[in-house]
Amino acid sequence: MVRLPLTTTALALVTLLVFGCLASMASGALSLPLWDSLLAVIDNILGSSRSGLADYERAVVWELRLPRTLLAVMVGAMLAQCGAAMQGLFRNPLADPGIIGVSSGAAVGAVLAIYFSPPSHSWWTVPLSSFAAGFACSLLIYRLARASLGTSVLVLLLAGIAISALAGSLIGLISYVADDSRLRDLTLWQMGSLAAADSTRVWLALAVTVAIAWRFQYRAAALNALLLGEAEARHLGIHVETLKRELILLVALGVGLSVACAGVIGFVGLVVPHMVRTLSGPDHRSLLPLAGLGGALLLLLADIASRLVVQPAELPVGLVTALLGAPFFIVLLLQQKERG
Amino acid sequence: MLQLEQVELLRSGFSLSIDEWAAGAGEFHALLGCNGAGKSTLLRLVAGEIPYRGSATLHGRALDDWNLRERARHLAVLPQNSQLSFGFSAEEVVALGATPLRLGWREQQREVRRVMELAQCFNLRGQGYPRLSGGEKQRVHLARCLLQLSQAEQSPLLLLDEPTSAQDLGQQHTLLTRVRDLCEQHSYAVVAVLHDLNQALRYAHRASLLDAGRLVGEGSPDTLLSPERVQVYWGYPAERVINQRGEAVLV
């Protein structure tokens with residue numbers, strides 16, 4: 001088994017992430033020098049004037065690109081960590097946070113908010129509604145899947161599929177009756193975009209990212225034991241029901257909030273944990289933090305690509321990740337089939 | 001050390017009722033009986049997987065009263081097969097046995113090595129677990145159980161559910177000899193569901209015979225497994241032969 005040493009992987013990811021952040025602040029319809037965009041941020045914090053940028057250029061960096069970069073980092077990290085945790089919980093490397101129905105539930109919440117709220121609704125209506133709906137949806141699925149002797153993974157998956165189908169049809173129904181301007185809103189939002197980044201979302205995302213990363217790390221050893229099977233984990237002294245409940249709540253929180261901040265962004269939670277596992281092994285104590293770094297990097301790069309491909313317009317970043325992720329998912333499926 | 005009194009199953013559909021049954025430290029105890037007799041159910045009950053009524057105690061304390069982590073340090077279960085599909089190395093699978101323990105990293109490395117040598121699988125340490133053969137996986141899991149029980153303050157209890165089902169003759173012999181050594185040298189208590197009656201005769205110190213959820217006999221395998229009983233409970237016309245080493249064998 002060939003694996004990269006943990007420190008090498010972590011250092012490489014951190015370095016790439018730093019460069020990714022710089023690139024993200026410098027690139028877009030208005031292209032700026034890397035170094036100057038970093039200086040612009042420092043200027044704004046210290047009140048100095050080291051960068052050679054014009055005022056409007058500094059404003060672009062500080063007010064648009066910095067929040068967007070930070071949001072990409074945190075949403076990517078949350079999605080990838082939630083993906084890794086779900087795959088551990090389901091003991092299946094193909095599981096994705098979307099599977100337990102949080103994504104589709106959150107999407108229904110957002111669509112309902114967009115359709116029913118007055119045109120002058122507050123900025124938090126859509127995020128809050130999508131987050132609440134996603135949370136409620138995953139709780140419902142968990143309830144459905146709860147048998148008398150613990151949670152059945154198979155039932156959980158099937159319930160997730162059923163709820164996703166229901167959510168899909170509800171969204172379709174609302175899109176069908178929505179007027180043109182709202183329809184555009186709905187479609188764009190469903191495809192995911194980081195363009196709405198502002199300081200409120202960044203602070204909210206930061207708080208949740210730190211909280212769930214801390215809880216996941218605390219539970220990493222127990223997640224390793226859970227990979228042996230639920231009965232075996234119990235024999236190893238783990239309160240399996242408590243563990244599963246906590247994991248599902250954390251994933252609902254992470255995915256619900258990232259959907260609320262940036263719309264539906266698929267496949268980050270599938271691709272990143274899988275690549276990290278191939279590079280440095282399946283131990284959750286290292287997998288979870290490395291997946292966080294990797295997810296941040298992947299979403300950051302996808303967001304840069306989404307801004308550069310069709311300048312001066314933007315692609316929704318969810319489209320970019322889906323374009324990258326869907327073929328990857330098919331390859332994974334074929335590999336699983338070969339292994340039997 | 002493991003004692004069951006007036007134990008009944010709470011679940012409907014299958015009945016298991018044991019008036020009195022015990023397994024002691026230093027003893028390899030075989031659970032025998034035809035399919036559906038309740039052997040695995042009894043094992044799973046002791047492992048804490050199914051709810052029951054009555055008294056089941058380990059070292060004088062009811063099984064349900066143990067703190068889960070503390071119980072895990074005294075009671076381990078060797079699974080028949082494992083669903084682990086992620087690419088752990090054999091060594092990492094063994095290290096999972098440290099979950100209920102408090103070990104420093106260095107100490108854990110040393111302990112992992114010790115139990116892997118004890119279970120004769122140290123040569124597999126760097127290999128990917130999913131690619132191991134059934135017998136090799138079984139040895140890795142035995143090492144994991146040994147690690148899990150390595151900090152027990154009192155004699156540990158090891159439960160085995162048809163431990164040799166995926167193994168060839170040589171592997172079966174190695175595993176069961178190793179398990180018997182654990183009883184004799186490290187005062188483990190071992191309770192194993194066995195299908196092969198000759199394994200019980202050769203390796204077990206004591207045996208219990210179950211039929212339709214009830215205990216119908218207990219004693220040394222030699223006296224318990226008479227050809228008459230085998231005829232009654234398995235419907236098999238067995239004959240008892242003494243081999244060249246002077247041991248009884250059923251044919």
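Chain letters run A, B, ... following the sequence lines, proteins first and then strands; every chain starts at 1.
- No donor-acceptor distance shorter than 3.5 angstrom exists from the side chain of Lys39(B) to the backbone of Leu31(B), with no hydrogens or angles considered.
- Heavy-atom distances place no part of Ala76(B) under 4.5 Å from chain A, backbone and side chain included.
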Given side chain to side chain contact (heavy atoms under 4.5 Å, CB included), test Leu32(B) with Leu194(B) step by step and report yes or no. CA-CA 6 Å; Leu32(B) 307 171; Leu194(B) 294 180; 4.1 Å; yes
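- At least one side-chain heavy atom of Leu290(A) sits under 4.5 Å from a side-chain heavy atom of Ser280(A).
- Taking CD1 from Ile163(A) and CD1 from Ile161(A), the interatomic distance works out to 11.5 Å, rounded to the nearest 0.5 Å.
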Tell me, with the steps shown, if Glu92(B) and Arg3(A) meet salt bridge (charged side-chain N to carboxylate O under 4.0 Å, His left out). CA-CA 13 Å; Glu92(B) 287 170 325; Arg3(A) 286 181 190 170; 2.8 Å; yes
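- With Arg180(B) contributing its side chain and Tyr203(B) its backbone, the two residues share a donor-acceptor pair below 3.5 Å.
- Between Leu124(B) atom CG and Met116(B) atom CE the span is 6.0 Å, to the nearest 0.5 Å.
- Residues Arg144(B) and His141(B) bring a donor and an acceptor atom of their side chains to less than 3.5 Å of each other.
- For residues 281-288 of chain A, heavy-atom neighbours of chain B at less than 4.5 Å comprise Pro282(A), Asp283(A), sorted by residue number.
- Panel note: side chain Thr9(A), backbone Pro5(A); a donor-acceptor pair is recorded below 3.5 Å.
- The closest side-chain donor-acceptor pair between Gln172(B) and Gln199(B) falls under 3.5 angstrom.
- To the nearest 0.5 Å, the span separating NE2 on His235(A) from CG on Leu78(B) amounts to 11.5 Å.
- Atom CZ of Arg61(B) is surrounded by more than 12 heavy atoms from other residues, nucleotides or ligands within 6.0 Å.
- Top candidate by heavy-atom pairs under 4.5 Å with chain A, chosen from Leu75(B), Val77(B), Leu159(B), Leu68(B), is Leu68(B).
- Residue-level contacts of residues 93-113 of chain B with chain A, in order of numbering, are Leu96(B), Gly97(B), Thr99(B), Pro100(B); threshold 4.5 Å between heavy atoms.
- A donor-acceptor pair shorter than 3.5 Å cannot be found between the side chains of Arg125(B) and Ser89(B).
- The ring-ring contact (aromatic ring centres under 6.0 Å, His included) test applied to His74(B) returns Trp66(B), not counting sequence neighbours.
- When Arg71(B), Arg69(B), Glu70(B), Gln148(B) are compared by the number of non-hydrogen pairs under 4.5 Å with chain A, Gln148(B) comes out ahead.
- Annotation: residues 209-228 of chain A contacts chain B through Asn224(A), Ala225(A), Leu227(A), Leu228(A) [non-hydrogen atoms, separation under 4.5 Å].
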